[in-house]
Asks: 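Below is a structure I'd like to ask you about.
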Protein chains: 4
Amino acid sequence: MGNEPRPLRADARRNRDRLLEVARGAFAAEGVSVPLDEIARRAGVGPGTLYRHFPTKESLLEAVVRERVRRLVDRAQALRHDEDPAAALFTLLDQVVEDAAAKADLVDTLAGAGVEIRTALTTDVTRLHAEIGHLLIRAQDSGAVRGDIGIADLMTVLGGVLYALRHLGAGATREHVVAILYDGLRTGAPA
Amino acid sequence: MGNEPRPLRADARRNRDRLLEVARGAFAAEGVSVPLDEIARRAGVGPGTLYRHFPTKESLLEAVVRERVRRLVDRAQALRHDEDPAAALFTLLDQVVEDAAAKADLVDTLAGAGVEIRTALTTDVTRLHAEIGHLLIRAQDSGAVRGDIGIADLMTVLGGVLYALRHLGAGATREHVVAILYDGLRTGAPA
Amino acid sequence: MGNEPRPLRADARRNRDRLLEVARGAFAAEGVSVPLDEIARRAGVGPGTLYRHFPTKESLLEAVVRERVRRLVDRAQALRHDEDPAAALFTLLDQVVEDAAAKADLVDTLAGAGVEIRTALTTDVTRLHAEIGHLLIRAQDSGAVRGDIGIADLMTVLGGVLYALRHLGAGATREHVVAILYDGLRTGAPA
Amino acid sequence: MGNEPRPLRADARRNRDRLLEVARGAFAAEGVSVPLDEIARRAGVGPGTLYRHFPTKESLLEAVVRERVRRLVDRAQALRHDEDPAAALFTLLDQVVEDAAAKADLVDTLAGAGVEIRTALTTDVTRLHAEIGHLLIRAQDSGAVRGDIGIADLMTVLGGVLYALRHLGAGATREHVVAILYDGLRTGAPA
DNA sequence: GATGAATGAGCATTCATTCAT
DNA sequence: AATGAATGAATGCTCATTCAT
């Protein structure tokens with residue numbers, strides 16, 4: 001196809017990496033409204049260079065998010081055949097939560113719904129859904145997780161939890177928030 | 001003190017109401033970044049008229065959010081002495097959820113953290129917290145709701161749920177999302 | 001001609017006077033950029049009322065300025081036949097300076113050049129020029145005031161002095177500024 | 001420290017110069033209220049470009065004024081040790097007048113009072129005051145200039161004269177206006 | 001390939017003027 | 001005649017995107 005990203009020159013690669021790194025931090029800390037000029041400045045390149053690597057702001061956002069999604073997909077795959085299915089699910093959720101807790105405005109944009117996500121990301125998100133779905137079903141089959149919910153429900157709730165974690169009110173703790181989610185997922189809740 | 005907002009002229013009242021209505025919808029659907037000019041346009045008035053009623057964007061946001069908060073405070077107060085404390089709490093949560101389900105980027109901005117909330121709103125939000133806190137404690141005392149969480153945890157989770165409901169993924173249902181939250185709040189969840 | 005301002009109703013007269021009074025103070029203190037709404041508010045009337053009396057902002061400005069000009073014309077006329085022509089001139093200048101010293105952005109707009117002055121004022125300004133011109137010529141004829149300048153020069157310098165008085169630098173005094181002008185006008189300056 | 005304004009690219013330099021030129025003319029002719037967009041338009045650039053060079057309106061004003069002030073400081077310094085102190089002072093005043101005659105609403109804003117002047121300019125203005133003050137004292141010591149006035153008086157009067165020159169009434173001449181100022185400054189004027 | 005200057009539509013806000021009540 | 005709500009053009013400033021160097 002000649003369509004795959006031909007290997008970049010070393011300096012270009014370096015710039016791209018630095019831009020992603022800076023963007024990750026900036027979006028996480030200040031939200032998606034950070035000006036691109038600012039990201040370029042912090043990365044020590046001109047805005048034109050940023051543009052060469054990411055032709056629109058959205059494409060930069062996408063790249064940042066994709067990275068995270070892929071990492072989660074990897075983790076989910078590693079847990080695919082875990083012996084304790086419920087533990088596997090909660091371990092992954094722990095990782096998602098861990099990963100996103102400190103992160104930001106994009107993670108929830110992503111996890112929340114896929115609302116604004118474009119084509120390129122769809123594949124990765126779909127795969128993540130599939131992997132988590134696999135873990136969910138195994139956990140449900142084991143009897144430890146309630147059987148009345150589907151993967152879409154879980155993903156939606158997860159988005160909400162990520163959002164909540166980024167907006168922990170004074171006096172609230174991550175542990176409590178996560179505990180409520182986990183207990184709500186488990187069977188054994190009263191009729 | 002003669003300081004109360006004297007009754008508006010009929011046409012002004014009409015415009016103010018229309019502006020609030022449009023703003024409510026616009027903020028809910030598109031987020032707080034909707035241009036004021038756009039809100040004015042949709043309400044069929046000039047930007048100057050919007051300004052006359054709401055001298056800054058924040059004041060408009062505040063007015064929209066305040067309306068909702070006050071309604072919830074009223075509802076909470078009506079449940080204050082309900083015979084079944086747990087039922088009272090869940091009834092209020094139902095109402096919050098109902099109210100906010102289709103609504104808003106602001107409600108969660110509100111419930112989520114109080115991120116950008118100014119003086120005028122603080123009072124109302126504080127009162128809402130207090131009322132829900134009262135219901136929570138009564139429900140905990142009755143033994144039906146887990147005792148290890150505080151009002152801050154509940155408000156934070158609630159914010160997350162509202163967020164989730166606004167971003168229901170395809171295949172997810174409001175009932176399932178809410179069920180997970182409610183069961184997570186109840187006692188009886190396994191250790 | 002039926003064109004002269006028919007006598008106003010008592011309340012209208014009162015409003016007009018109050019508006020002029022407020023406008024005088026506001027323009028003097030804050031400059032011509034004071035919003036009309038603000039002037040109306042301070043006068044305790046609606047902007048519509050202001051508009052009824054002064055159909056444009058400029059017309060209000062004009063009215064304020066005209067008042068001052070007319071008072072000066074009256075004073076000049078009173079000095080027309082004074083026994084000491086030079087003293088008469090300097091007395092009038094004193095009065096102009098006195099009048100304008102505390103005043104403001106309009107006086108110099110006026111005195112400076114007539115730059116922005118419209119038809120209605122022209123007559124009054126012309127009369128003021130004529131009166132001061134008369135005093136100037138008498139003072140020149142008496143030998144006390146330099147003969148090489150004309151009324152236009154004097155008016156221009158006067159505008160500059162008024163301007164200077166409104167912008168007295170720290171450490172400068174009105175007396176010194178005026179002394180320089182007066183001495184510059186007198187004969188007897190060295191060749 | 002590598003902190004000096006690195007040389008601009010040729011095109012940027014050209015734009016910056018053109019903007020300054022246009023701003024100089026516009027402020028001079030129409031006053032400081034000229035819209036920035038208008039200045040940009042006349043310079044043939046977008047408002048963003050203006051912003052790149054001058055991030056606020058005030059900074060543009062400052063730049064325009066600073067240029068003039070610095071030129072005058074230079075001229076004053078060249079006259080510091082002139083043999084004829086009174087001639088030196090009047091020569092500088094001539095230059096100020098010459099420079100500003102056709103110019104500007106800002107120059108007088110500057111000379112007049114320092115009304116709106118910010119930090120960056122303060123230094124230059126202070127230096128100009130100091131230089132003119134030096135010339136004034138030398139001229140006074142020589143006996144040719146009246147001893148009862150200070151530098152603040154002179155600067156204030158100078159501001160007024162600049163103002164007057166920009167508002168030369170019909171029939172008035174620059175020579176007459178300046179002659180009045182100069183003679184007012186000289187000794188020998190009658191008591 | 002990199003740079004950073006230029007672009008220009010867009011935003012929140014202001015205010016002289018008009019007009020329904 | 002007074003009121004004050006509405007209008008809408010205009011302003012200073014921002015920033016994603018484009019393009020000359």
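Chain identifiers are assigned alphabetically (A, B, ...) following the order of the sequence lines, protein sequences preceding nucleic acid strands; residue numbering begins at 1 within each chain.
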Asks: I need the NE2-C1' distance between D:H53 and E:dT7, as an integer number of Å.
Replies: 12 Å
Asks: Of all the nucleotides listed (E:dA12, E:dT17, E:dC15), which has the minimum atom distance to the side chain of B:P35?
Replies: E:dA12
Asks: For nucleotides 19-21 of chain F, tabulate all protein N/O to nucleotide N/O atom pairs closer than 3.5 Å, reporting atom names and distance.
Replies:
none

Asks: For D:D37, give me all partners under salt bridge (charged side-chain N to carboxylate O under 4.0 Å, His left out), at least two apart in sequence or on another chain.
Replies: none
Asks: With sequence neighbours excluded, what pairs up with C:R42 under the side chain to side chain contact (heavy atoms under 4.5 Å, CB included) test?
Replies: C:V22, C:A26, C:E30, C:E38
Asks: Given that both pair distances must be under 3.5 Å and the pair must be Watson-Crick or G-U, what runs of three or more consecutive pairs involve DNA chain E?
Replies: E:2-21 with F:2-21
Asks: List the residues meeting side chain to side chain contact (heavy atoms under 4.5 Å, CB included) with A:Y51, not counting sequence neighbours, and say none if there are none.
Replies: A:P55
Asks: Looking at CZ of A:R52 and CG of A:N15, how far apart are the two atoms once the value is rounded to the nearest 0.5 Å?
Replies: 11.0 Å
Asks: Hey, which sits more toward the 5' end of DNA chain F by its nearest nucleotide, C:T49 or D:L36?
Replies: C:T49
Asks: Only counting residues at least two apart or in another chain, list the ones meeting side chain to side chain contact (heavy atoms under 4.5 Å, CB included) with C:R70.
Replies: C:R66, C:D124
Asks: Base, sugar-phosphate, or nothing: which does D:D37 touch, judged by heavy atoms less than 4.0 Å apart?
Replies: base
Asks: I'd like to check the side chain to side chain donor-acceptor pair (under 3.5 Å) partners of A:R14; sequence neighbours left out, ordered by chain and number.
Replies: none
Asks: Between C:N15 and D:K57, just flag the one whose closest nucleotide in DNA chain F comes earlier from the 5' side.
Replies: C:N15
